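Single-structure report; data block below.
On a predicted model such as this, the values are computed, not experimentally measured, just so you know. So that the names make sense, note that chain A is the first sequence line, chain B the second, and so on, each numbered from 1.
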There are 2 protein chains.
Amino acid sequence: MPADRGQAAGQPTISEVAAEAGVGRATAARTLGGYGYVSPELRERVLAAAEKLGYRANALARSMSTGVSHTLGVIVADIGNPFFAGVVRGICDTSRARGFDTIVLSTYENLDEEVAATNVLIDKRVDGVIIASAAVGRREVAHIRAAMDRIPVVLVDRAVASLDLDTVVIDNRDAAREAVETLIAAGHRRIGFVWGPPAAQQPVTRRGLLAEASRNLWTDGERLRGYLDALDDARIPFDPELVMVGRKTEERVTEEVARMLSLPDRITAIFCTETDGVTGALRALRTAGLSCPRDVALIGFDDSAWAAVMEPPLTMIEQPVHRLGAKAAEVLLDAIAGGEPARETHTLRSRLIARSSVAPPPGPHH
Amino acid sequence: MPADRGQAAGQPTISEVAAEAGVGRATAARTLGGYGYVSPELRERVLAAAEKLGYRANALARSMSTGVSHTLGVIVADIGNPFFAGVVRGICDTSRARGFDTIVLSTYENLDEEVAATNVLIDKRVDGVIIASAAVGRREVAHIRAAMDRIPVVLVDRAVASLDLDTVVIDNRDAAREAVETLIAAGHRRIGFVWGPPAAQQPVTRRGLLAEASRNLWTDGERLRGYLDALDDARIPFDPELVMVGRKTEERVTEEVARMLSLPDRITAIFCTETDGVTGALRALRTAGLSCPRDVALIGFDDSAWAAVMEPPLTMIEQPVHRLGAKAAEVLLDAIAGGEPARETHTLRSRLIARSSVAPPPGPHH
DNA sequence: CTGTTAGCGCTTTCAT
DNA sequence: ATGAAAGCGCTAACAG
């Protein structure tokens, strides 16, 4: 057997500490593991020996023995995205306070990556997982089901209809409706909607749009419904030309908003479902020589420090990102500790921060 | 021994798979572990059995045996900060591509947290660590030394003078100098500096400032030196009243910039070392009724999509955040795989993105 | 090519 | 109160 088997060279083990202290393995283990009874004197000797050798417990071995790893797994779309970074921070803060570490994996909205990530976490024997899943249909949730068979699972940010799980989300539909209502209340009727889902082609009917929504991320579907709710309540006819479909890269958003701006009966307001959409919309406004809010009103999702110092300061929807993560961690940790999960949906409220990017539409002769 | 010892109930082991397939443990292990020779037929039976039982390898047990965990540890100040989120993403992307997972821990610039995080990673027997350390003095690096004794360590974003380690950073000093030179070239001589370190009190001399710098984050020291370099080259006298010291919360920055703006010989330009500083400075400008760049020029660190759509579009320093993380991971992975670390400093170049927030200062009668 | 066996470092009975 | 010994699930010698 090669010398480098087992843990890396130089990492002292509990046996070495025991030998150094002149006691049995179990005694050393009891002191160092903080369980069972050990006489003060032996205890002292063990501690001294551990200190001298620079002993550090091997958490892997401990987990092997105890069957728990005190580690949570987290799967999100992109840790580099400020939204998820905030959620992850909420998760980490809460779990650390309860003695748990966290392994975070990004999927970039790729389902294969999500499956792989789930497997990695199962293999590492985490005690529970939090997932912001891109899965939608029944076919796509097999990996989540497999995880559920083994450990507690909670969903965050995105509900999955076919799964009966603890889920922590925000009130996407209400948030979107409130934003659009705000625009309508200011007098707008031609409201562009920078939406999200990467679709094969632009749906031309309301039904087509809804169908598209059910094939995509839960959040996107909810936000679309909120947009439609507000329109319906105000009896404003729905116009498919006013919704952008497709990946919300800044470039695409700029193009699409420019298109809506050059329509014969152009939009006078824009509602964006993501930060990247807001900057894209602003670009389009600028190149069209239009000003906000005089010519076009704007409301977007995901507030940031920047939005408040824009000219004009932007009216935005603020999501409780940290709280979202914290709540998900709490629910998961409770399930790990307590047993029976409640399997309910926890909906956190977002907040519309009114600033100055909403004003009445320009007169009929714009 | 209680029934719930060992791994969680229901997690099939390699022995169970072997039994199901009617082969020896080792044969099952060989097929499932992907090493050694196994005849196609037995292989097929093992695979079928594993599939049927829903077998997933226990990475903990594997690591116990092999002594490697295929996991990297990462310690940063705050995963919720877009800068670090980008770096972490770079690390995760490269390490995943090489078959490594990542555990990320945030310290919030607290040294005790950093020590604790290092211990967690050592306990979890990660194969290497990447640290953006808040440690400065010799006294503060003991935990890093302890880690170095066990596994490869690379520093990212922040060099630590007393440590001879592979280090991946950006050219902070040059970046700062270039920014200030740009301001000077436009005609500015009163250049406010939104700096960082939380100091007990405002240093009043150049020497005091440098002393403060050496007690703080490496990046902050470098950026101060760059600011001073540019001033010296242009023979502009250094004025301690023009540098803000203290935690760069948006509120504090707003106050401090307002102060510099109300000086008898007020500043005509601002250089910020962080995004939060930029929004704070913008606020101060706005409440002072001053416009950028007509009254005051502005350059800041850390570009973002927002900066480009501000009115005016902001001239910013872009750091290669993803590359920073990727490079750190590469260096670490090489050290883990190859052996001898080079222990050199890799300096990545930042880039000044010239937009429209820099113009000549207003005439003498402002 | 396959099966047996001995660990990896720790926790946890079980005697003493 | 302490020590001896078994076992967590896996890998890797080694024998067959």
Nucleotide [N], atom [atom2] - distance to [atom1] of [X] in whole Å:
X        : N     : atom1 : atom2 : value
B:Leu53  : D:dG9 : CG    : P     : 14 Å
B:Met64  : C:dG7 : CE    : P     : 14 Å
A:Ile122 : D:dG9 : CD1   : P     : 16 Å

Between [options], spot the one nearest the side chain of [X], thanks.
X       : options                : value
B:Ala26 : D:dA12, D:dC10, C:dC10 : D:dA12
B:Val23 : C:dG3, D:dG3, C:dG9    : C:dG3
B:Thr66 : C:dC10, D:dA12, D:dG3  : D:dA12

Query raised in the report: Where along residues 40-49 of chain A does a heavy atom fall under 4.0 Å from DNA chain D?
Result: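 Residues of residues 40-49 of chain A that come under 4.0 Å of DNA chain D are, in numerical order, A:Leu42.
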Which residues pass the salt bridge (charged side-chain N to carboxylate O under 4.0 Å, His left out) test with [X], sequence neighbours left out?
X        : result
A:Asp123 : B:Arg56
B:Arg145 : none
B:Asp127 : none
B:Arg96  : A:Glu113

Would you please confirm or rule out a distance under 4.0 Å between OP1 or OP2 of [N] and any side-chain N or O of [X]?
X       : N      : answer
A:Arg25 : D:dG3  : no
B:Ser39 : C:dT2  : yes
B:Tyr37 : D:dA12 : no

Query raised in the report: Bend angle of the helix from C:dC1-D:dG16 to C:dT16-D:dA1 from five-pair axes at both ends, rounded to 10°?
Result: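 Axis angle across the helix from C:dC1-D:dG16 to C:dT16-D:dA1, nearest 10°: 40°.
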Report task. Answer yes or no: side-chain N or O of B:Arg30 and base N or O of C:dG3 forming a donor-acceptor pair under 3.5 Å. Result ->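 Answer is yes: a donor-acceptor pair is held.
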Query raised in the report: For the base of C:dG9, is there a side-chain donor-acceptor partner from A:Ser15 under 3.5 Å away?
Result: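 Answer is no: no donor-acceptor pair is held.
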Query raised in the report: How long is the gap from CZ on A:Phe84 to CD1 on A:Ile91, to the nearest 0.5 Å?
Result: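 So the gap between those two atoms works out to 10.0 Å.
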